[in-house]
Q: 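I am attaching a structure below and will ask some questions about it afterwards.
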There are 2 protein chains.
Amino acid sequence: MSRRSGILEFAVLGLLRESPMHGYELRKRLNTSLGVFRAFSYGSLYPCLKTLVQQGWLIEESGNPPEDPLAAPLSGRRAKIVYRLTAEGKEHFEELLAQTGPDAWEDEHFGIRFAFFGQTSRDVRVRVLEGRRSRLEERLAKMRASLARTRERLDDYTLELQRHGMESVEREVRWLNELIESERAGRDRRPEAPEERRPEETGGQPRHREGTPPDPSDDTN
Amino acid sequence: MSRRSGILEFAVLGLLRESPMHGYELRKRLNTSLGVFRAFSYGSLYPCLKTLVQQGWLIEESGNPPEDPLAAPLSGRRAKIVYRLTAEGKEHFEELLAQTGPDAWEDEHFGIRFAFFGQTSRDVRVRVLEGRRSRLEERLAKMRASLARTRERLDDYTLELQRHGMESVEREVRWLNELIESERAGRDRRPEAPEERRPEETGGQPRHREGTPPDPSDDTN
DNA sequence: TTCGTCATGTAATGGGTTACATGATTAC
DNA sequence: GTAATCATGTAACCCATTACATGACGAA
């Protein structure tokens with residue numbers, strides 16, 4: 001069961017667009033690189049992969065193609081299944097990337113949308129960031145109103161919880177402001193850019209500090 | 001369908017402990033007073049109420065008991081159903097309040113646990129806060145490790161997302177530190193307090209600024 | 001009289017998890 | 001040779017949502 005996944009489907013297509021992978025690896029990337037937000041389990045991933053194959057957006061390939069000696073291709077030997085995005089899949093993912101419906105900035109979707117901003121056009125990026133911001137501002141307004149009405153009825157802990165919640169939202173708004181400003185600055189530097197400029201266009205943040213050597217050990221679930 | 005709700009069940013019992021209410025009102029309080037976290041719908045609330053009645057933790061009472069003139073108690077007139085906590089329900093809720101399993105500090109549960117800290121013993125409060133803190137610190141460690149390993153493979157947006165995520169978690173840790181300190185200070189001020197001191201014991205935060213007059217208008221869904 | 005909001009519910013569905021079952025490969 | 005981890009899956013369940021159906025009550 002479980003057709004029409006939405007967020008998981010989106011993430012899978014997005015990761016596979018970067019490079020083909022098998023399910024196990026996909027899940028790890030889902031929970032680390034893109035992680036923090038959600039942790040998907042095999043029980044949702046594999047069925048999702050199956051339906052994506054049925055849609056024609058992925059194809060399954062055997063992990064060890066012909067370069068395997070002692071070929072015993074039939075019988076035994078469970079091969080890794082590597083999933084690769086088809087042309088249709090790529091096209092479909094690009095449609096999804098271009099969408100700016102209200103879904104795009106709800107809590108569950110926003111994070112994953114942001115994670116693929118590297119593949120998203122600046123127009124869409126800005127719209128999603130602004131949508132998110134006004135969503136949060138609505139929320140703030142409601143919280144403030146509710147707080148004003150009920151303040152004296154609430155105990156200190158409930159109050160503290162709401163205060164902390166509001167501060168968190170305010171903080172995200174400030175973050176969005178910076179990002180939006182940064183995107184706009186990027187646009188202004190390149191006036192009337194003729195829409196096409198596929199890679200190397202990521203507008204914003206020049207982070208990257210050095211330190212901390214690579215270390216092994218991984219994975220929870 | 002839908003037995004064993006967990007978080008919804010907990011919240012309902014907790015709100016009804018403060019005063020009896022009918023379903024509609026209960027849902028509003030769920031989404032404002034305790035809100036921010038989740039928004040429950042009638043489709044989950046009413047079935048939940050029903051099972052709680054079956055357990056014997058709630059009883060249903062008619063909303064307009066005898067003080068209604070022109071009594072037409074049977075036929076027509078859909079009465080409000082007011083739910084009241086039974087003695088068993090109260091006892092059960094207190095057991096739930098006392099629990100400090102790892103569940104208590106997971107994302108989904110922590111907020112609601114905190115919301116009822118006013119009814120929770122200080123011991124339990126501290127344990128839950130500390131549990132939450134160490135949970136977040138684990139998470140931070142994992143994020144840092146993962147970031148160190150994958151930094152150069154990630155684009156600026158993914159990096160920025162992770163950075164913001166980590167800062168959020170760090171911020172919550174600092175918040176928890178303050179709360180824990182505040183709880184400990186409360187205990188030290190009252191050495192060997194003999195365990196009983198029912199109300200007015202809320203340990204921590206003397207917030208409360210004035211301003212903003214009461215205003216009507218409410219509710220989303 | 002119609003609209004908004006109060007008020008209670010059910011059926012179908014959704015999107016995911018847990019637990020289970022199975023087996024290959026690698027490191028010690 | 002055995003434990004850890006890699007790797008793929010299924011079935012049963014969970015907790016909630018959406019959409020729907022129903023109807024009372026107050027105010028414009």
Side-chain angles (χ1 to χ4, degrees), chain A residues 1-12 21-31 37-53 58 60-64 68 70 72 75-83 103 106-109 112 216-221, chain B residues 1-12 21-31 37-53 58 60-64 68 70 72 75-83 103 106-109 112 216-221:
Chain A
M1 295 69 192
S2 101
R3 306 281 109 86
R4 303 281 77 202
S5 193
I7 155 172
L8 179 52
E9 171 183 312
F10 184 83
V12 165
M21 264 179 283
H22 55 267
Y24 191 87
E25 195 184 346
L26 206 40
R27 176 176 172 273
K28 275 217 303 206
R29 305 257 336 243
L30 237 30
N31 299 323
F37 326 108
R38 316 199 46 140
F40 293 102
S41 62
Y42 298 122
S44 34
L45 177 57
Y46 284 115
C48 172
L49 284 169
K50 195 170 285 188
T51 73
L52 292 180
V53 168
L58 305 183
E60 302 180 345
E61 298 175 342
S62 76
N64 35 7
D68 183 46
L70 304 172
S75 90
R77 211 87 221 286
R78 168 137 66 160
K80 283 203 253 191
I81 300 173
V82 172
Y83 294 90
D103 278 6
E106 290 304 313
D107 289 332
E108 332 81 79
H109 293 70
I112 207 75
S217 94
D218 199 322
D219 204 66
T220 313
N221 319 37
Chain B
M1 295 69 194
S2 100
R3 305 284 108 85
R4 303 284 74 203
S5 194
I7 154 170
L8 179 52
E9 171 184 312
F10 184 82
V12 166
M21 265 179 281
H22 55 265
Y24 191 86
E25 196 184 346
L26 207 40
R27 176 175 172 275
K28 274 219 301 209
R29 305 256 336 242
L30 238 31
N31 298 324
F37 325 108
R38 318 199 44 142
F40 293 102
S41 62
Y42 297 122
S44 32
L45 177 58
Y46 283 115
C48 173
L49 285 169
K50 195 170 283 188
T51 73
L52 292 180
V53 168
L58 305 183
E60 304 181 343
E61 298 176 342
S62 77
N64 35 6
D68 184 44
L70 304 173
S75 93
R77 208 92 220 284
R78 168 137 67 162
K80 283 202 253 191
I81 299 173
V82 173
Y83 294 90
D103 278 6
E106 290 304 314
D107 290 332
E108 331 82 80
H109 293 70
I112 205 74
S217 95
D218 199 320
D219 203 66
T220 313
N221 321 35

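Any value given below was found using the heavy atoms of this structure, including those in side chains, with hydrogens, waters and symmetry copies removed. By convention in this document, chain letters (A, B, ...) are assigned in the order of the sequence lines, proteins followed by strands, and residues within each chain are numbered from 1.
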Q: Can you tell me the distance, in whole Å, between the CG atom of L45(A) and the P atom of dT17(C)?
A: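 Rounded to whole Å, this separation is 10 Å.
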Q: Between L49(B) and Y46(B), is any pair of side-chain heavy atoms under 4.5 Å apart?
A: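 Contact flag for L49(B)/Y46(B) side chains = yes.
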Q: With a 4.0 Å cutoff (strictly under), does any side-chain N or O of Y42(B) reach OP1 or OP2 of dG9(C)?
A: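 Y42(B) to dG9(C) OP1/OP2: no side-chain N or O under 4.0 Å.
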Q: Less than 4.5 Å apart, side chain to side chain, heavy atoms only: is that true for L26(A) and F40(A)?
A: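 Result no, sub-4.5 Å side-chain heavy-atom pair not found.
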Q: Could you check whether any side-chain heavy atom of Y83(B) comes within less than 4.5 Å of a side-chain heavy atom of M21(B), counting everything from C-beta outward?
A: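 They are not in side-chain contact.
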Q: dT8(C) P sits how many Å from E25(B) CD, rounded?
A: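 It works out to 10 Å between those atoms.
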Q: Whole Å only: how far is the CZ atom of R27(B) from the P atom of dG9(C)?
A: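 Interatomic distance, CZ of R27(B) to P of dG9(C): 15 Å.
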Q: Within this structure, what is the CD-to-C1' distance between E9(B) and dC15(D), rounded to whole angstrom?
A: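 E9(B) atom CD is separated from dC15(D) atom C1' by 12 Å.
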Q: Between H109(A) and D103(A), what is the shortest heavy-atom contact and its length?
A: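 Answer, listing the atom of H109(A) first, then D103(A): CB-O, 3.2 Å.
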Q: Starting from the 5' end of DNA chain C, give me the residue, S41(A) or G23(B), whose nearest nucleotide shows up first.
A: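 The 5'-side residue here is G23(B).
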Q: With a 4.0 Å limit, can you tell me whether K50(B) has a side-chain N or O closer than that to the phosphate oxygens OP1/OP2 of dT10(C)?
A: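 Answer is yes, contact under 4.0 Å.
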Q: List the atom of S44(B), the atom of L8(B), and the distance in Å for their closest heavy-atom pair.
A: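 For S44(B) versus L8(B), the nearest heavy atoms are O-CD2, 3.6 Å.
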Q: Over all strands shown, is F10(A) touching base, sugar-phosphate only, or nothing at heavy-atom distances under 4.0 angstrom?
A: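 Result for F10(A) = nothing.
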Q: Identify which nucleotide among dA7(D), dG9(C), dT8(C) has an atom closest to any side-chain atom of Y83(B), counting heavy atoms from C-beta outward.
A: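 Selected nucleotide: dG9(C).
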Q: Out of dA7(D), dA7(C), dT17(D), which has the shortest distance to the side chain of F40(B)?
A: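 The nucleotide sitting nearest to the side chain is dT17(D).
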Q: Just the rounded figure in Å: distance from P of dT18(C) to CD of E106(B).
A: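 To the nearest whole Å, that distance equals 11 Å.
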Q: Looking only at side-chain atoms of P47(B), point me to the closest of dC6(C), dT8(D), dT10(C).
A: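 The listed nucleotide nearest to P47(B)'s side chain is dT10(C).
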Q: Look at the side chain of I81(B) and decide which nucleotide, out of dG9(D), dT8(C), dC6(D), has an atom nearest to it.
A: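 From the listed options, dT8(C) comes nearest.
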Q: Could you state the NE2-C1' distance from H22(A) to dA7(D), rounded to the nearest angstrom?
A: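 Whole-Å distance recorded here is 7 Å.
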Q: As a test of reading the structure: which of dA16(D), dC6(D), dG16(C) is closest to the side chain of I7(A), going by heavy atoms?
A: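 Taking heavy atoms from C-beta onward, the closest nucleotide is dG16(C).
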Q: For L30(B) and dA16(D), give me the distance from atom CG to atom P, rounded to whole Å.
A: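 After rounding, the gap between these two atoms is 10 Å.
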Q: Hey, is the side chain of S44(B) poking within less than 4.0 Å of OP1 or OP2 on dT17(D), counting only N and O atoms?
A: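 Affirmative; the distance criterion is met.
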Q: Roughly how many Å is it from CG in D103(A) to P in dT18(D), rounded to a whole number?
A: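 For the pair D103(A) CG and dT18(D) P, the rounded distance is 11 Å.
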Q: Can you see if the side chain of Y46(B) gets near the phosphate of dT8(C) - specifically, an N or O under 4.0 Å from OP1 or OP2?
A: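 Yes, within the criterion.
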